[in-house]
Amino acid sequence: MFYRETGQFKTSYGADQQIFPIRQDRIGIVLLLAVAFVGVPALGSEYFFSAILIPFLIFSLAALGLNILTGYAGQLSLGSAAFMAVGAYAAYNFQVRVEGMPVLVSFVLAGLTAAGVGILFGLPSLRIKGFYLAVATLAAQFFIVWCLTKFPYLSNDSSSGVISVPGVSILGFDFDTPRSKYLLVLTLVTLLALAAKNMVRSTTGRAWMAVRDMDVAAEVIGIRLMHTKLLAFAVSSFYCGVAGALYAFCYLGSVEPDGFSLDMSFRILFMIIVGGVGSILGSFLGAAFILLLPIFLDIVLPALSELLHLPFDGATVSHIQLMVFGALIMFFLVVEPHGLARLWQIAKEKLRLWPFPH
Amino acid sequence: MARQIGEVILDLRNISLRFGGVKALTDISFNVREHEIRAIIGPNGAGKSSMLNVINGVYHPQEGEILFHGQVRRDMDTHDAAAAGIARTFQNIALFKGMSVLDNLMTGRNLKMRTNFLQHALWWGPAKREELEHRRKVEEVIDFLEIEHIRKTPVGRLPYGLQKRVELGRALAAEPKMLLLDEPMAGMNVEEKQDMCRFILDVNDQFGTTIVLIEHDMGVVMDISDRVVVLDYGKKIGDGEPEEVKNNPEVIAAYLGTQH
Ligand SMILES: Nc1ncnc2c1ncn2[C@@H]1O[C@H](COP(=O)(O)OP(=O)(O)O)[C@@H](O)[C@H]1O
Ligand SMILES: [Mg+2]
């Protein structure tokens, strides 16, 4: 009974089309943002920022990018990490090669570069779908990483493509502590998530979903498939590109092409599968889940072995981690394809009726 | 009826369409006049759906030409057809399953939207204004089809009959000049059929929409159509007013041969 829209009658279409039509959701989001922007920075430790929150936000952004392409527009991609690499290296190049380039501008340019590369590798989607398209994006994954290793120009002639990015400074303020980096990343991710939410609830998003659900009907309505698919590739890669730039500039500081491996692309894919395909919220839930699960198991498994007097060594723990991972992916693929976001929604629907069972 | 049947606005001339060795359509010619309800009938596999697909550019005939709005073309292009005001429904419902009824209908208006994705990302300003403006139009269609109660429901969860109605709604949301309906009443019960008939007649009457309709129920066809084309094995075997067609020996033979 605490969570419900009953009694909140919409008297105009404007009120009905708000970003969060239910009041409790609006309050929830405001609280969450207050905690993220004010509460957490006041209380969090350095470790918490740099090892958990910053990577969580960055991977949420990458997952959001992939979700736009796969969840909304229905085009499967296995190249997310490669598009992050494009963003990281592009931002680096704009920073070191252009005198006085503002760092935020180089992030935007990094996103745009990734968008351009995304469009290029999105071209096969005009002809092929599903599994075959996934294989084509796999080519992007390997080709991009290969290029970054192969052409020293792209890494400013550093050995084996490793780049160490310069410090982040905006309008004279140095973002050199984990806390300040966290706030910078949080701000950018919040803005981009808002933009994504707005896109998916307007014509752009409806065109993506139309192409995903029934491309012939979409075409007959006048939606241009080529334009719609390539726009999805561009926007998705933009998000991944910015995520990559943040990954280099605000998380690791130093990256190499092999760091953006197929393994990482798969992890981003698992994030949206677990979190929810076609859900903005799901991108965040999935990223949190996939990043936190290993940390959680690291703590729980040794304790468990202690308790049950089982001789777990390090290797067993990592095997168990993989098995739990695999089982969860299977669970979400088979039982709940809409992921944690859907479970959350079901919980809210239950809460709406609570305490009455029907 | 207030409506007046006008000039020929769509003229199909000697259309032939093949899929490999299969001749789906052979040398078919017929026309459609403004504001009329034109039925296409014929046994299964006669080429009726293929005909609609030629009209709105999903299929491209190997031979023939199409005159539409005074312009002669080799074939149509889906986007041009939609932009020229042709909307349609499909024999096997082709709704956007993951989207709500409202979103399906809003998608139907996409060609009337002028804002771009950057404006959408910002939302405030032009994108929001446009969204509201089109929402108002879509709500008119929702009222017209009496589907207010399901506007927020994902279409995948709706029963078959309602899905058919929503698909009509998506086509109507585009405010089309010409509506192509592929078996809009197939698989419906009597009551649903009556509703659908009423909607089709109302659309034709109130908005003057020209309608090309494929239907198996002869009773319905004879009742609501102004003129009927009969196809059989990809060939045209009859064309004229319902009475005329009903008494055509070739048509009777085709129907006796394949259907009851
Ligand atoms: N996309 C296609 N590919 C191959 N054959 C097709 C295709 N569409 C229709 N046909 C063939 O064309 C013929 C006419 O089909 P159709 O137009 O669907 O008939 P109707 O709608 O009258 O039942 C059939 O033999 C069908 O198999
Ligand atoms: Mg058919």
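What's counted below: heavy atoms across the whole structure, side chains too, no hydrogens, waters or symmetry copies. Proteins get letters first, then strands, A, B, ... in listed order; numbering begins at 1 in each. Worth saying up front: this structure is predicted, and the values here are computed from it rather than measured.
The choice from M106(B), K97(B), K128(B) that makes the most heavy-atom pairs within less than 4.5 Å of chain A is M106(B). Listed options G205(A), G278(A), A217(A) were ranked by heavy-atom pairs under 4.5 angstrom with chain B; first place goes to A217(A). Of the listed residues (R206(A), M214(A), M199(A)), the greatest number of heavy-atom pairs within a distance under 4.5 Å of chain B belongs to R206(A).
Crowding of F19(B) atom CZ: a count of heavy atoms from other residues, nucleotides or ligands under 6.0 Å exceeding 12. For H227(A), the NE2 atom is loosely surrounded, since the number of other residues' heavy atoms within 6.0 Å does not exceed 12. The local environment of CZ in R157(B) is sparse, with at most 12 non-hydrogen atoms from other residues, nucleotides or ligands closer than 6.0 Å.
The OG atom of S202(A) sits 12.0 Å away from atom NE2 of H134(B), with the distance rounded to the nearest 0.5 Å. The OG1 atom of T204(A) lies 10.5 Å from the CG atom of N110(B); values are rounded to the nearest 0.5 Å. With rounding to the nearest 0.5 angstrom, the OH atom of Y13(A) is 3.5 Å from the CD atom of E139(B). In this structure, CZ on F96(B) lies 15.5 Å from CH2 on W208(A), to the nearest 0.5 angstrom. Note that CZ of R224(A) is 3.5 Å distant from NE2 of H79(B), once rounded to the nearest 0.5 Å. One finds the CH2 atom of W123(B) at 8.5 Å from the CD1 atom of I19(A) (value rounded to the nearest 0.5 Å).
With a 4.5 Å cut-off on non-hydrogen atoms, L95(B) touches chain A through its backbone but not through its side chain. Neither the backbone nor the side chain of V211(A) comes within less than 4.5 Å of any heavy atom in chain B. Neither the backbone nor the side chain of L180(B) comes within less than 4.5 Å of any heavy atom of chain A. Only the side chain of L231(A) comes within less than 4.5 Å of a heavy atom of chain B; its backbone N, CA, C and O stay farther away. Interface remark: A196(A) contributes no atoms to any contact with chain B (heavy atom separation under 4.5 Å).
Of all the heavy atoms in N198(A) and A121(B), the pair that sits closest is ND2-O, 3.0 Å. Considering every non-hydrogen atom in both L111(B) and G222(A), the closest pair reads CD2-O, 3.7 Å. Minimum interatomic distance between F90(B) and V220(A) (heavy atoms only, all atoms of both residues): CZ-CG2, 3.9 Å.
Contact check on R201(A) versus D103(B) returns no salt bridge, with no Lys/Arg side-chain nitrogen under 4.0 Å from an Asp/Glu carboxylate oxygen. Between K152(B) and D16(A), at least one side-chain N (NZ, or NE/NH1/NH2) sits under 4.0 Å from a carboxylate O, which counts as a salt bridge.
Tested against T203(A), the residues K112(B), H120(B), R109(B), Q119(B) include a single side chain to side chain contact (heavy atoms under 4.5 Å, CB included) partner, H120(B).
A heavy-atom distance below 4.5 Å is found between the side chains of I223(A) and T107(B).
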